[in-house]
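Computation of the quantities below employed the complete heavy-atom set of this structure, encompassing side-chain atoms and omitting hydrogens, waters and symmetry-equivalent molecules. Chain letters run A, B, ... following the sequence lines, proteins first, then strands; residues in each count from 1.
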Amino acid sequence: MLDKKYNAEEKEKKWLDYWKDNKIYEFKRNDKEVYSIDTPPPTVNGKIHIGHIFSYTQTEMLARYKRLRGYNIFYPFGFDDNGLPSERLVEKEQGKRAHEIGREEFSKLCYETTDKYEANFQELFSKMGVSTDWDIHYKTVSPSTIKISQASFLDLKEKGHCYHKESPALWCNECLTSIAQAELETKTIKTTFNYVNFKTVEDNEEFTIATTRPELLPAIVCVFVNPEDEKHNHLIGKTAHIPVIDVEVPIMGDEKVAIDKGTGIVMCCTFGDQTDIEWWKKYKLPLKYIFTDNGRIAPSVPNYGGLKIKEARKQIIEDLQAGGHIVKIEELEHEVQTHERCGKEVEYSVMKQWFIDIMNHKEDFIRMGNEIKWHPAYMHSRYDEWVNNVAWDWCISRQRYFGVPFPVWYCKECGEPIFANKEDLPVNPLVDLPKVTKCPKCGCKEFEAETDVMDTWATSSVTPLINMRYGEKENYEDILKPMSLRTNASEIIRTWDFYTIVKSFYHFGQRPWDNVMISGFVMANKGEKISKSKGNSKHEPMDLIKQYSADVIRYWAGTGRLGTDIVFSEETLLRGKKLVNKIWNVSKFIEMHLTDYEDKEFNNFEYVDKWILGRFQEMEKQFIEYLEEYEVGLALNILEKFFWEFCDNYIEIVKHRLYRPEEFGNIQRYSGQKTVYTLLYKLLQDFSIFFPFITEEIFQELYHNNASIHTTEIKPLDYNFNKEIELGNQMIEIISQARRSKNK
RNA sequence: GGGCGCUUAGCUCAGUUGGUAGAGCAUCUGCCUUACAAGCAGGAGGUCAUAGGUUCGAGCCCUAUAGCGCCCACCA
């Protein structure tokens with residue numbers, strides 16, 4: 001017997017244990033078709049907020065749907081404990097910077113800290129009813145995943161897609177590491193636009209350059225004007241004298257200079273921005289690198305050496321003013337590139353870095369994108385946009401401590417890289433020694449270990465490889481090439497999706513997955529993203545589960561439309577609470593009338609029963625169509641709508657027959673019983689995608705023909721009740737009119 | 001500046017081959033009717049952002065405009 005009131009906290013715990021003990025969500029090879037999901041390993045950088053719950057739950061619902069359609073679900077969970085986010089978390093907890101703690105100790109702390117948080121994450125996701133097989137979960141920094149990341153690196157190196165080169169790279173002075181273009185975030189800041197007077201050496205002609213970065217004056221290697229610029233093109237070929245710095249540089253012409261921007265004259269510094277790098281390469285200009293790696297002016301620069309960048313800016317403006325070289329200073333608001341992890345402005349640095357070739361294979365990456373089905377479809381253009389606009393090869397080395405080490409040593413004499421053998425992986429070059437005894441190039445017998453580690457994305461982009469146990473004897477390569485589905489929010493299309501496609505293409509020459517499903521964000525308020533720094537996530541997921549139950553939180557998550565942002569709303573939770581409660585109550589009612597029921601073949605349905613069966617069949621057809629398009633929210637929407645109609649109209653009509661067979665007839669009663677028995681079963685199945693707990697409780701109490709409702713199979717009805725549907729709909733209209741007049 | 005999305009009831013949002021505008025919340029009225037007051041029945045509430053166009057017919061298709069949001073480019 002179902003309890004009078006449903007106690008969610010007690011029942012949810014009961015079924016969690018039951019599913020775990022009976023391995024309901026276990027992945028085992030069998031003869032069923034595999035449906036595999038590449039779900040984002042959440043970054044282990046502190047607490048999970050309600051935004052995580054939203055997108056992960058939507059994916060989870062799809063896993064449940066596919067399971068109910070008879071697929072063998074491969075759905076492993078992962079944790080991304082790699083790289084900077086973990087390091088920053090540890091630095092915050094310890095109140096110290098990584099270099100103050102020391103490499104070895106710091107790595108140990110990173111492992112301990114991420115383990116601690118992962119346990120919390122796992123508990124929360126379990127409580128939400130995530131139907132993953134925890135036995136196959138992974139973390140991005142562990143011996144087995146390090147091995148795969150290193151093997152991936154070596155494979156790319158062998159195939160010639162990976163190179164080590166001294167090259168300008170984006171540099172973060174806060175995190176003291178190079179970063180990738182994809183890690184940039186634009187920010188609007190207030191600064192000044194400084195109009196500085198220069199002179200030509202040849203004839204002392206004055207001209208003005210406007211700059212936001214006067215501290216780069218010592219790094220000027222050339223001045224550019226547009227050859228079409230009639231006001232200034234006579235300067236081309238002359239020499240410019242840099243004020244205060246007292247250095248002379250050539251004036252050249254290039255059509256990339258915008259005539260109407262600033263004064264139309266540009267100083268080219270190595271390096272202030274990306275155009276500088278382009279010109280530096282194009283015209284083979286000299287290199288004047290004036291910054292140190294911790295954000296100061298290099299000691300070699302006269303007068304300004306040792307100053308922080310912003311101090312130098314202030315100082316140089318003062319000096320320019322003192323010399324009468326500044327025409328005017330304008331207040332300016334403009335956008336700068338910052339590092340998304342710390343929010344600090346990025347600079348450019350020149351050092352040896354590992355890069356993965358992007359620029360030579362853009363067309364292939366576009367082609368891969370075309371082979372993938374995007375949900376919603378318009379997200380495909382976000383991907384194309386990014387690939388078409390990428391301007392750099394992918395820099396994957398980071399001058400940090402915690403992460404996947406490069407399996408590389410260098411010859412002390414000639415710098416030749418020595419790579420580890422694939423069969424020796426994982427290796428830590430700081431501890432392990434190369435297998436060769438001397439440099440194959442120069443014969444030197446001493447080596448230096450690579451101290452850099454790989455970028456977070458370089459390792460998280462191998463999640464399909466981790467899932468398929470790439471390079472292992474016992475692997476899933478046969479069933480996971482490609483995987484069925486990747487899910488994530490739109491913000492990481494340019495990183496996680498793109499880099500995974502890059503790697504999959506280089507390793508296997510094919511797409512990593514057939515489908516990509518993009519979820520929206522959760523907004524704290526309209527137009528305001530939830531973010532930890534703002535502290536605007538008012539609701540702790542654990543508290544919400546306690547207050548509302550996991551099923552109800554799942555309802556909220558399930559109402560979101562694909563790719564569309566959602567505002568957190570207690571109203572929606574209330575609506576879910578009512579729906580769950582109604583499912584419980586109607587099940588109690590149906591149970592009451594099934595005590596003497598025996599399921600057998602029966603086709604002599606009353607026409608009202610045919611009406612509701614037909615209506616259900618119609619609804620479920622649409623329901624399945626939505627789910628096939630990954631539109632979880634729309635599926636829930638029509639299911640819910642049907643369900644209220646079932647309760648408010650059909651149950652009210654069938655009541656009398658169920659209560660009073662002496663008046664309405666036994667066969668008529670059986671027809672009603674058969675109908676509610678059949679429909680409740682099917683409704684529970686459909687609802688189990690969204691409410692795995694309460695549906696299991698009712699299923700086990702009323703049907704228990706299977707170990708779990710979650711391992712049953714949805715089999716659509718196949719009636720032809722079109723006539724009855726029409727008649728029934730008319731009948732409902734008449735009833736509704738009667739009620740109306742009764743109420744007047 | 002480029003790409004994409006959104007704009008429907010006071011609020012949150014559905015509305016998928018073009019065919020009489022929907023739900024929940026809030027509000028008002030009447031009901032403790034033997035599953036459910038966390039409920040039931042009913043009322044009120046909308047120039048579907050704006051302007052054109054296609055069509056017998058447009059919330060839906062096309063064009064333009066505005067506002068909002070996301071991604072990218074823009075450091076002279």
Side-chain angles (χ1 to χ4, degrees), chain A residues 2 4-6 181 184-186 189 191 193-196 208-213 216 223-226 256-269 272-276 332 334-337 345-347 376 378-386 388-391 489-491 493-494 520-521 523 526-529 559-561 563-572 574-593 622 625-626 629 631 633-634 636-638 640-641 644 647-648 651-652 655 658-659 735-736 738-744:
Chain A
L2 296 174
K4 188 158 176 16
K5 291 254 170 183
Y6 176 70
Q181 184 185 356
L184 296 176
E185 199 172 69
T186 46
I189 59 152
T191 184
F193 212 17
N194 309 284
Y195 289 76
V196 181
T208 310
I209 296 180
T211 177
T212 56
R213 303 209 51 189
L216 281 168
V223 167
F224 282 100
V225 300
N226 194 314
K256 222 184 154 168
V257 180
I259 297 170
D260 51 355
K261 228 173 184 179
T263 59
I265 310 176
V266 188
M267 54 193 220
C268 173
C269 316
D273 68 8
Q274 210 183 309
T275 319
D276 289 345
L332 176 74
H334 75 156
E335 311 223 301
V336 293
Q337 302 282 20
E345 286 171 51
V346 298
E347 296 293 344
Y378 61 78
M379 286 297 176
H380 186 181
S381 48
R382 292 263 179 121
Y383 173 79
D384 280 351
E385 262 294 291
W386 174 254
N388 287 326
N389 285 314
V390 164
S490 58
E491 60 178 350
I493 290 175
R494 63 176 178 158
F521 295 111
M523 315 297 264
K526 220 170 187 175
E528 190 191 336
K529 255 201 214 172
T559 54
R561 180 130 201 214
T564 305
D565 297 341
I566 182 174
V567 176
F568 181 81
S569 130
E570 299 238 25
E571 268 174 28
T572 309
L574 184 66
R575 185 172 169 168
K577 198 171 159 183
K578 287 183 172 186
L579 174 58
V580 167
N581 189 50
K582 193 77 174 176
I583 293 174
W584 185 254
N585 284 322
V586 82
S587 299
K588 272 196 320 190
F589 173 81
I590 290 172
E591 183 188 34
M592 231 168 74
H593 294 283
Q622 178 73 61
E625 277 170 19
Y626 280 142
E629 287 303 315
E631 288 283 8
L634 297 183
L636 174 55
N637 193 287
I638 59 156
E640 180 180 0
K641 206 168 163 186
W644 286 103
C647 293
D648 296 343
I651 292 290
E652 290 304 321
K655 234 177 198 174
L658 294 175
Y659 273 119
I735 292 173
S736 165
R739 282 165 171 170
R740 227 169 288 158
S741 51
K742 196 179 137 200
N743 253 290
K744 263 173 194 166

Next item on the list: Would you please classify the geometry between the A:F193 ring and the A:Y195 ring as parallel, tilted or perpendicular, with 30° and 60° separating the classes?
Entry: perpendicular
Checklist line | Atom-to-atom span, OH of A:Y378 to C1' of B:C71 - whole angstrom | finding: 12 Å
Notebook entry, point to check: Using a cut-off of 4.0 Å on non-hydrogen atoms, how would the nucleic acid contact of A:C268 be classed: base, sugar-phosphate, or nothing?
Noted result: nothing
Next item on the list: Quick one: label A:K582 by what it contacts on the DNA or RNA (base, sugar-phosphate, nothing), any heavy atom closer than 4.0 Å.
Entry: base
Margin query: Classify A:F193 by what it touches in the nucleic acid, base, sugar-phosphate, or nothing, heavy-atom distance under 4.0 Å.
Written below: sugar-phosphate
Notebook entry, point to check: If you look at every strand shown and take non-hydrogen atoms under 4.0 Å, does A:V257 touch a base, only sugar-phosphate, or nothing?
Noted result: base
Note to self: In this structure, how many angstroms lie between the P atom of B:C75 and the CG atom of A:N194, rounded?
What the structure shows: 16 Å
Next item on the list: Could you tell me whether A:A258 contacts a base, only the sugar-phosphate backbone, or nothing, with contacts defined as non-hydrogen atoms closer than 4.0 Å?
Entry: base
Check: At under 4.0 Å between heavy atoms, what does A:Q622 touch on the DNA or RNA strands: base, sugar-phosphate, or nothing?
Finding: nothing
Next item on the list: Would you mind classifying the nucleic acid contact of A:W644 as base, sugar-phosphate or nothing, using non-hydrogen atoms under 4.0 angstrom?
Entry: sugar-phosphate
Next item on the list: Specify the separation, in whole Å, of atom CD1 of A:I651 and atom C1' of B:C36.
Entry: 12 Å
Next item on the list: Indicate, with a heavy-atom threshold strictly under 4.0 Å, whether A:D273 touches base, sugar-phosphate, or nothing.
Entry: base
Margin query: If we ignore hydrogens and angles and just use 3.5 Å, is the side chain of A:D276 paired with the main-chain N or O of A:D273 as donor and acceptor?
Written below: yes
Next item on the list: Let me know the distance between NE2 of A:H380 and P of B:C70, rounded to the nearest Å.
Entry: 23 Å
Notebook entry, point to check: Checking only heavy atoms, does the side chain of A:R561 share a donor-acceptor pair with the base of B:U12 at less than 3.5 Å?
Noted result: no
Checklist line | Rounded distance in Å - CD (A:E640) to C1' (B:A14) | finding: 10 Å
Next item on the list: With the side chain of A:K4 defined as its heavy atoms from C-beta on, choose the nearest nucleotide among B:A76, B:U16, B:C36.
Entry: B:C36
Margin query: Using whole Å, what does the distance between atom P of nucleotide B:A37 and atom CG of A:D648 come to?
Written below: 14 Å
Check: Rounded to whole angstroms, how far apart are CG on A:L574 and P on B:A23?
Finding: 18 Å
Note to self: Rounded to whole Å, how long is the line connecting atom CD of A:E385 with atom P of B:G3?
What the structure shows: 8 Å
Next item on the list: Tell me what A:S381 touches on the nucleic acid: a base, only sugar-phosphate, or nothing, going by heavy atoms under 4.0 Å.
Entry: sugar-phosphate
Next item on the list: With heavy atoms under 4.0 Å as the rule, sort A:N389 into base, sugar-phosphate or nothing.
Entry: sugar-phosphate
Note to self: Contact between A:Q622 and A:E625 at the side-chain level, heavy atoms closer than 4.5 Å - yes or no?
What the structure shows: yes
Margin query: Does A:I590 reach a base, just sugar-phosphate, or nothing at all? Heavy atoms under 4.0 Å.
Written below: nothing
Margin query: What's the closest nucleotide to the side chain of A:K5 if the choices are B:U12, B:C70, B:A38?
Written below: B:A38
Notebook entry, point to check: Which whole number of Å gives the distance between the C1' atom of B:U63 and that of B:U17?
Noted result: 23 Å
